[in-house]
There are 2 protein chains.
Amino acid sequence: MKIGELSRRTGVPTRLLRYYEEQDLLHPERGGNGYRAYGEAAVRDVQQIRGLLDSGLTTEMIRAILPYLSGPDEILLPAEHLTPETAALLQSHIDRIQSRIDCLARNRDRLTAYLAAVRPGT
Amino acid sequence: MKIGELSRRTGVPTRLLRYYEEQDLLHPERGGNGYRAYGEAAVRDVQQIRGLLDSGLTTEMIRAILPYLSGPDEILLPAEHLTPETAALLQSHIDRIQSRIDCLARNRDRLTAYLAAVRPGT
DNA sequence: GCTTGCCTTCACACTGATGTGAACGTTCGA
DNA sequence: TCGAACGTTCACATCAGTGTGAAGGCAAGC
């Protein structure tokens, strides 16, 4: 599929699809005419990228974890390529994500508590 | 307390403390000499701001929710000031935070599952 | 009083994520 | 065959968050 179709199917401007490629998040093939050729999986990849960006991750973090996020249950990267260093790095990313979750959940709870405390009285 | 002390106590450069004020996140008093005068609560506020920024929120979102995040249990803003519109807005912020949490948790789980699936074999 | 260190504002600069447009080649249907 | 719709690269612009430095006022100790 060409960039325009991917853009329509994901709702993401072509500008950003090219940007994600420049950031090493997408790796489309190239046709003889230089056009980008995306596979079906790109749709899910782009949605994944958007979700993570909207959740506040940087392209750098996304680039680091994206290869391990492929499908719901499929495991793309074989264990052979996972050095202990990579595993440790991955774990540290997991930890950072967990910190964010904790911070967000804590503050969500505060906001919810505030609303709950105030709403009955209104 | 003056800006230098707040900076030391929070580890946040004075430049950023001034920026946060410009963004309407901090509201220090001013001494006769023009110096900013922060209260004790500013320390917690700054840490709160940092945590939320690090969690990927924009200053805009933080500005919207910060007044309702004051302390662990204290409720600063009286219910009288909470119009239904504000409450709805607040709820929508809570929802957005929840979406982020969901997305992050989902991907944390994927990463963790990947590590778990691969590590025993190494 | 003078030095040292704090404070002030102003301003220029960088990065990351994104918008926008120019200038130009390709594909395809009427 | 020609125009519309699509693709390409390049480049400049914006916003948020942040670094850094200049130019100058205030404060506190020696």
**Message:** I need the CE-C1' distance between Met61(A) and dG16(C), as an integer number of Å.
**Reply:** 15 Å

**Item:** Whole-Å gap separating P (dT8(C)) and CD1 (Ile3(B))
**Value:** 5 Å

**Asked** Checking all strands, does Thr59(A) fall into the base, sugar-phosphate, or nothing category for heavy-atom contacts under 4.0 angstrom?
**Response** sugar-phosphate

**Message:** Mind checking if Arg18(B) touches a base, just sugar-phosphate, or nothing, with heavy atoms under 4.0 Å?
**Reply:** base

**Request:** Please tell me which of Leu53(B) and Arg30(A) maps to the more 5' nucleotide of DNA chain D, matching each residue to the nucleotide holding its nearest heavy atom.
**Result:** Arg30(A)

**Asked** Whole-Å distance between dG16(C) P and Asp24(A) CG?
**Response** 14 Å

**Message:** With heavy-atom distances below 4.5 Å as the criterion, would you say the side chains of Leu111(A) and Leu115(A) are in contact?
**Reply:** no

**Item:** Close side-chain approach of Arg100(A) and Arg100(B), heavy atoms under 4.5 Å
**Value:** no

**Asked** Does the distance from a Lys or Arg side-chain N to an Asp or Glu carboxylate O, for Glu60(A) and Arg96(A), drop under 4.0 Å?
**Response** no

**Asked** First and last nucleotide of DNA chain D in contact with chain B, 5' to 3', at under 4.0 Å to a heavy atom: what are they?
**Response** dA16(D) to dA27(D)

**Request:** Would you indicate whether the side-chain heavy atoms of Thr10(B) and Arg50(B) approach each other to under 4.5 Å?
**Result:** no

**Request:** State plainly whether one hydrophobic cluster holds both Tyr35(B) and Leu16(B), where clusters connect Ile, Leu, Val, Met, Phe, Trp and Tyr through side-chain heavy atoms under 4.5 angstrom apart.
**Result:** no

**Item:** Length of the line joining Met1(B):CE and dC6(C):C1', which is rounded to integer Å
**Value:** 16 Å

**Prompt:** Do Leu52(B) and Met61(B) have side chains that get closer than 4.5 Å, going by heavy atoms?
**Reply:** no

**Asked** What is the distance from CG of Asp54(A) to P of dA17(C), rounded to the nearest Å?
**Response** 12 Å

**Message:** For a quick test of reading the model: is some side-chain N or O of Arg15(A) closer than 4.0 Å to OP1 or OP2 of dT20(C)?
**Reply:** no

**Distance below 4.0 Å between Tyr20(A) side-chain N/O and dT18(C) OP1 or OP2** = yes

**Prompt:** Side-chain contact, heavy-atom cut-off 4.5 Å: Gln23(B) with Ile62(B)?
**Reply:** no

**Interatomic distance where CD belongs to Glu21(A) and P belongs to dT18(C) [whole Å]** = 16 Å

**Request:** Measure from CD on Glu22(A) to P on dT15(C) and round the result to the nearest Å.
**Result:** 13 Å

